[in-house]
Number of protein chains: 2
Amino acid sequence: MARKSTTRDRLVRTATELFSRQGYGQTGVNEIMQQARATSGSFYHFFPAKEDLLLAVLDHVGETLHGEVLGPAAEGTEDPIERVFAVLAYYRRYLVDTNFALGSPMGNLAAELSESHPQVRSKVSELFAAWTAEVEAFLGEAGDRLPPDLDNTGLAEFVLSTMEGAVMQARARRSLAPFDASVAQLRRYFDLLRGEDVKADEVPASLVSIPRKAPQNADWRSW
Amino acid sequence: MARKSTTRDRLVRTATELFSRQGYGQTGVNEIMQQARATSGSFYHFFPAKEDLLLAVLDHVGETLHGEVLGPAAEGTEDPIERVFAVLAYYRRYLVDTNFALGSPMGNLAAELSESHPQVRSKVSELFAAWTAEVEAFLGEAGDRLPPDLDNTGLAEFVLSTMEGAVMQARARRSLAPFDASVAQLRRYFDLLRGEDVKADEVPASLVSIPRKAPQNADWRSW
DNA sequence: GTCTATACCCTGATAGAC
DNA sequence: GTCTATCAGGGTATAGAC
């Protein structure tokens, strides 16, 4: 496999960011070229049309998903259940690092293009399936720490719903509060599934609830 | 308050649908006018620019939210906790009725325009706040059936995350499975919070898990 | 309030030299 | 592979009669 052109890469990365920030339809080819320091000649040398760049972006997102999100979560965290929360922590950091300017690449493109671009819908569908499959694997590794009747596929889809919805709320509200609250509730659900929920009168209140306004650099492990 | 023009209304309703289907940037003024059977003269009589129609759409969504979603859920369902699931059932029906072609109006516009249109972000933020406030009120009415240490605001935000993420997945996958799975998990969470979870060996398996492929017209009360 | 006709700009895309 | 120059078309928005 030949080494990838740097210009092509810059175009794909730039487009990924711009699409996540302001959507596909609102992002002009000119804007992409400018920010990627490429000219029209280069652009159309690599991509016959804007839509082809879009498909390349989706491929790039797919690679990033495993390479930078799910893979590192698996390798960096031993406990399989904690891996789920490490994945969520990635998106939390993403929100903070981008100052809420970017949404989930999968989610944004899914919302905008699912109906009008069948190929995009299909690829996003696969991305969602890959995401949930990896999370489902984490859940499987948890073995008997979770109830035997639990639908691991469904729980993984629930985790994805939580993530996408939480990122969306955080972005619109420009606050981590709804994100942290969503993850805290999901944490409590996992605790209850494992029969390990703490009751309010057994421990200090400070340990059972997440403060409504967590500092932006708060350690996510407080979840 | 003067009676609203029918043409203006048609424009707003049509735009709401088109924006939810294919996004704001991908929807042309021409397309809106055609589908609403209005001409350029009418359009610009009511709205100085496309963006003003967008703001009107957001207002309309806000009215619909209470008038057609949260209000009916409150009036049509006695049990406050069931009201939460009645709200989710509304979105399920919405997905089915539109054959997955439309996403959540709030969510779609939030994802696409949060960064580029501050006014839109602000309005969507208020819509999210109104949505969660009403759901939070349902939770408050549940009284001591939920744990006293529970963060009702956070749980309401969690429910919204679930809804938005589940709608997004269902649309991209063109399947109710991820939506139903998400709601089933949320249901189980509520059951556990109330200390009423059923164990797999106490009841027939058919009652504790949702079939992966529920028929599209399945009664949502099976949740 | 609604109609037709039209201005005008910006967009995606092309051509052809280097 | 990259550059500059340029096009054709669709997009938003306007003018002015009715």
Side-chain angles (χ1 to χ4, degrees), chain A residues 1-60 108-109 112-113 115-120, chain B residues 1-60 108-109 112-113 115-120:
Chain A
M1 177 163 65
R3 193 163 76 66
K4 276 185 178 171
S5 152
T6 299
T7 300
R8 200 195 119 102
D9 252 37
R10 279 206 315 279
L11 285 166
V12 171
R13 284 178 207 281
T14 302
T16 303
E17 182 185 323
L18 288 172
F19 294 167
S20 301
R21 182 188 298 269
Q22 58 196 22
Y24 174 77
Q26 307 247 325
T27 303
V29 170
N30 280 316
E31 190 178 3
I32 298 168
M33 294 188 307
Q34 250 182 292
Q35 191 161 323
R37 284 164 305 130
T39 57
S40 177
S42 296
F43 186 103
Y44 288 97
H45 169 72
F46 294 110
F47 307 103
K50 182 186 177 186
E51 200 169 326
D52 297 284
L53 172 60
L54 171 60
L55 297 177
V57 162
L58 285 167
D59 288 338
H60 175 245
N108 272 32
L109 296 175
E112 184 180 358
L113 305 166
E115 187 60 15
S116 48
H117 293 63
Q119 276 190 94
V120 174
Chain B
M1 179 163 60
R3 193 162 75 68
K4 277 185 179 172
S5 151
T6 299
T7 300
R8 198 196 121 102
D9 249 37
R10 278 206 316 280
L11 285 167
V12 171
R13 283 178 208 281
T14 303
T16 303
E17 182 184 326
L18 288 172
F19 293 167
S20 301
R21 181 187 300 267
Q22 58 196 21
Y24 174 77
Q26 308 248 324
T27 304
V29 170
N30 279 316
E31 191 177 3
I32 299 169
M33 294 187 311
Q34 252 182 292
Q35 191 162 321
R37 286 163 305 129
T39 58
S40 177
S42 296
F43 186 104
Y44 287 97
H45 169 70
F46 293 111
F47 307 103
K50 183 186 176 187
E51 200 168 325
D52 296 286
L53 171 61
L54 171 60
L55 297 177
V57 162
L58 285 168
D59 289 337
H60 175 244
N108 271 33
L109 296 175
E112 185 180 356
L113 305 167
E115 188 60 15
S116 50
H117 293 62
Q119 275 190 93
V120 173

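Residue numbering restarts at 1 for every chain, and letters A, B, ... go by the order of the sequence lines.
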> Do B:T27 and B:Q22 pass the side-chain hydrogen bond (donor to acceptor under 3.5 Å, both in side chains) test, and can you show the C-alpha distance, the side-chain angles, and the key distance before you say yes or no?
Replying inline: CA-CA 7 Å; B:T27 304; B:Q22 58 196 21; 3.2 Å; yes
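Cation-pi geometry between B:K50 and B:Y24 is met: the NZ or CZ atom falls under 6.0 Å from the ring centre, inside 45° of the normal.
Atom CG of A:L54 and atom P of C:dG12 are 13 Å apart (whole Å). Atom CZ in B:R37 sits roughly 16 Å away from atom C1' in C:dC3 (whole-Å rounding). Per the geometry, CE belonging to B:M33 stands 12 Å off C1' belonging to C:dT4, to the nearest Å. Atom CG of A:N30 and atom P of D:dA5 are 15 Å apart (whole Å). The interatomic distance linking B:R10 (CZ) with C:dT2 (C1') rounds to 11 Å, in whole Å. Between the CD atom of A:Q34 and the C1' atom of D:dC3 there is a distance of 16 Å, given to the nearest Å. Rounded to whole Å, atom P of C:dG12 lies 19 Å from atom CZ of A:F46. For the pair B:F43 CZ and C:dT6 P, the computed distance is 22 Å after rounding to whole Å.
Under 4.0 angstrom from either OP1 or OP2 of D:dA13 there lies at least one side-chain N or O belonging to B:Y44. Proximity of B:T39 to the phosphate of C:dC3: a side-chain N or O atom is located under 4.0 Å from OP1 or OP2.
Residue order along DNA chain D, read from the 5' end via each residue's closest nucleotide, puts A:H45 first among A:H45 and A:S40. Position along DNA chain C of the nearest nucleotide to B:G41 versus A:P48 favours B:G41 as the more 5'-ward residue.
Annotation: B:E31, atom CD; neighbour count of heavy atoms from other residues, nucleotides and ligands within 6.0 Å is above 12.
Counting non-hydrogen atoms under 4.0 angstrom, A:G28 reaches the backbone sugars and phosphates but no base.
The pair B:R13-B:E17 does not count as a salt bridge, with every side-chain nitrogen at least 4.0 angstrom from each carboxylate oxygen.
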